[in-house]
Amino acid sequence: MAKQTPISVAEVIHRLRLFNEKAEKLSRLSFASKAFSEGAGATLQYISEHRRAMIEKRGADKESTDALDLTLRLFLQPRDGIQLEQIESLYQQMPLPDEDKYWVAENLKGLHAFLESTGTPEIRVDGEKVTHRVILEAFLYGDLAHANEDKRKTCEIWKALPAGLLLESTFEYVVGELMRFMFWLARMNDEAIQFLDRLSNPQSAQEEM
């Protein structure tokens with residue numbers, strides 16, 4: 001296993017604060033209020049006289065979903081240093097309480113398990129299981145960002161399917177679980193910042209007592 005590059009407490013505090021700043025920005029976007037409002041989701045209805053199924057989607061509109069993209073990607077890509085896995089690594093490197101290290105690691109494992117699952121009922125396209133992670137990345141990088149040609153083609157195929165709106169609704173659900181974890185982690189970060197501040201400035205901590 002490669003050795004981790006030592007990192008200063010000041011840099012860790014900076015990155016935890018940056019994470020929280022971006023999480024706060026996410027919480028202010030209209031996506032959350034629309035996607036997770038009462039009644040949001042998708043309804044599948046079979047109309048027997050027409051012998052066809054209709055899907056109605058309720059939740060976020062395109063404008064609010066587009067606004068979500070740039071901020072959400074900060075937590076999923078390593079460039080800015082606040083990727084979820086990077087933050088978990090900071091906890092393990094710092095002299096933080098063992099209980100905090102444990103729960104951050106365990107909850108991140110739980111999030112990854114959720115992303116690798118297909119949900120209930122299981123979603124299949126052309127007979128293949130479609131995991132939450134596949135749905136997340138397809139819409140995030142193929143529809144909203146147009147950064148990945150393969151994922152863009154996948155989104156175009158999905159949107160032409162009868163279940164296209166169901167897949168979009170599932171994307172919103174997956175984003176909701178991601179945001180739930182991010183907001184929980186931001187609260188953990190608040191405590192970690194205070195702990196590390198006291199550790200690096202013991203005199204200031206004594207003056208506050």
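- For Glu156, the side-chain contact (heavy atoms from CB on, under 4.5 Å) test picks out Arg152, with sequence neighbours left out.
- Looking at Thr170, its side chain does come within 3.5 Å of a backbone N or O of Leu166 through a donor-acceptor pair.
- Sorted by first and then second residue, the ring-ring contact (aromatic ring centres under 6.0 Å, His included) pairs involving residues 74-93 (not counting sequence neighbours) are Phe19-Phe75.
- Two residues are said to be in side-chain contact when any heavy atoms from C-beta on lie closer than 4.5 Å; Phe139 and Val174 fail this criterion.
- Residues satisfying the side-chain contact (heavy atoms from CB on, under 4.5 Å) test with Lys129, not counting sequence neighbours, are Thr118, Glu122, Arg124.
- Val9 is connected to Ile87 through a chain of hydrophobic side-chain contacts under 4.5 Å among Ile, Leu, Val, Met, Phe, Trp and Tyr, so both are in one cluster.
- Leu84 contributes atom CG, which lies 11.0 Å from atom CG of Leu74 (distance to the nearest 0.5 angstrom).
- Glu88 pairs by the side chain to side chain donor-acceptor pair (under 3.5 Å) definition with Gln92, not counting sequence neighbours.
- Every residue meeting the side-chain contact (heavy atoms from CB on, under 4.5 Å) condition with Ala10, not counting sequence neighbours, appears here in chain and number order: Ser8.
- Transitive grouping of hydrophobic side chains (ILVMFWY, heavy atoms separated by less than 4.5 Å) keeps Leu70 and Leu68 in distinct clusters.
- Residues forming a salt bridge (Lys or Arg N to Asp or Glu O under 4.0 Å) with Glu21 (at least two apart in sequence, or on another chain): none.
- The salt bridge (Lys or Arg N to Asp or Glu O under 4.0 Å) analysis of residues 92-110, with sequence neighbours excluded, yields the pairs Glu106-Lys109.
- Contacts of Trp103 classified as ring pair (Phe, Tyr, Trp, His ring centres under 6.0 Å), with partners at least two apart in sequence or in another chain: none.
- With sequence neighbours left out, Glu24 forms a salt bridge (Lys or Arg N to Asp or Glu O under 4.0 Å) with Arg28.
- Closest of all the heavy-atom pairs between Leu16 and Ala192 is CD1-CB, 4.0 Å.
- For Phe181, the ring pair (Phe, Tyr, Trp, His ring centres under 6.0 Å) partners are Trp184, not counting sequence neighbours.
- Pairs passing the ring-ring contact (aromatic ring centres under 6.0 Å, His included) check and including a residue from residues 106-125, sequence neighbours excluded, read Phe114-His132, Phe114-Tyr173.
- Checked against side chain to side chain donor-acceptor pair (under 3.5 Å), Glu191 has no partners two or more places apart in sequence or in another chain.
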